[in-house]
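One structure below.
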Amino acid sequence: MTAGEVLLWDADDKSLRMVPRLRRVGVTSGCIGFLGLLIWTGSDATWVLYAGALYWCAEAVHAVWDRRRLVEARIVPGGADGPARLHLRRVGGRITEHDPHHVVRVLLIHDNVLDLASLRLRLRDRHLLHGRPGRDPDLTRWRRACPEAEVGDRAARWGMPGVPD
């Protein structure tokens, strides 16, 4: 961080999580292949292979979605007395720069069980951006950085305190 930068959002886990994902896909592939060989000869239960293919598709969709999630948001002062810029860093490492006045809504969703919060960020004329879970940030920083945004927080709508889902 350089002087003048303000950290608005910092996720706990910033990694791509490729090793657990590859391990899950490998174990699932092995089990489905073994079950497919056992079932293929004796019955018409090819649904096992279809279930495996569906799992692989779901894992691929989740990997693409997770790669776009935000892990860091910060306000960077503009050069030569220019306006400040909002830098959003995603899981894949890509950093995009936005005008803080184009932020329409900032919503923090507090977890009912863990001491974490998730970020939902909506930019003008853009889709909704999701943040990975992180520590609860100060909402006044968001209000100062994005003066035209609707900044708020709420509790999660699922789970009960003390009882994990």
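For the numbers below, each heavy atom of this structure counts, side chains included, while hydrogens, waters and symmetry mates do not.
Using a 4.5 Å heavy-atom threshold, the side chains of His101 and Pro147 count as touching. Counting heavy atoms from C-beta on, the side chains of Ile75 and Leu86 come closer than 4.5 Å. Contact check for Arg105 versus Cys146: no side-chain heavy atoms found under the 4.5 Å cut-off. Pro137 is listed as a side-chain neighbour of Leu108, based on a closest heavy-atom distance under 4.5 Å. With contacts defined as side-chain heavy-atom distances shorter than 4.5 Å, the pair Arg141/Val6 qualifies. For the pair Ile95/Glu97, no side-chain contact is recorded, criterion being any heavy-atom separation below 4.5 Å from C-beta on.
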* Check the pair Arg135, Leu116 against side chain to side chain contact (heavy atoms under 4.5 Å, CB included), reporting the backbone distance first and the verdict last. => CA-CA 5 Å; Arg135 294 286 166 218; Leu116 296 174; 3.6 Å; yes
* Carefully, step by step, assess Arg122 and Glu150 under the rule salt bridge (Lys or Arg N to Asp or Glu O under 4.0 Å). => CA-CA 10 Å; Arg122 184 175 297 278; Glu150 175 189 338; over 6 Å; no
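Evaluated for a side chain to side chain contact (heavy atoms under 4.5 Å, CB included) with Leu121, the options Leu128, Leu88, Leu8 yield exactly one hit, Leu88.
A pairwise comparison of heavy atoms in Pro100 and Ala145 identifies CB-O, 3.2 Å as the closest pair.
Not a single side chain to side chain contact (heavy atoms under 4.5 Å, CB included) links Leu54 to another residue, sequence neighbours left out. Checked against side chain to side chain donor-acceptor pair (under 3.5 Å), Glu59 has the following partners two or more places apart in sequence or in another chain: Arg21, Arg24, Tyr55.
The line from CG of Leu70 to CZ of Arg120 is 10.5 Å long, rounded to the nearest 0.5 Å. Considering CZ of Arg85 and NE2 of His98, their distance stands at 8.5 Å, rounded to 0.5 Å.
A donor and an acceptor atom, one from each side chain of His110 and Arg154, are nowhere located under 3.5 Å apart.
If you chain together hydrophobic residues whose side chains sit under 4.5 Å apart, Leu139 and Leu119 fall into the same group. Both Val151 and Val103 sit in one connected hydrophobic cluster of ILVMFWY residues. Membership requires side-chain heavy atoms under 4.5 Å apart, directly or through other members.
Salt bridge absent: Glu72 and Arg90 never bring a charged side-chain N and a carboxylate O closer than 4.0 Å.
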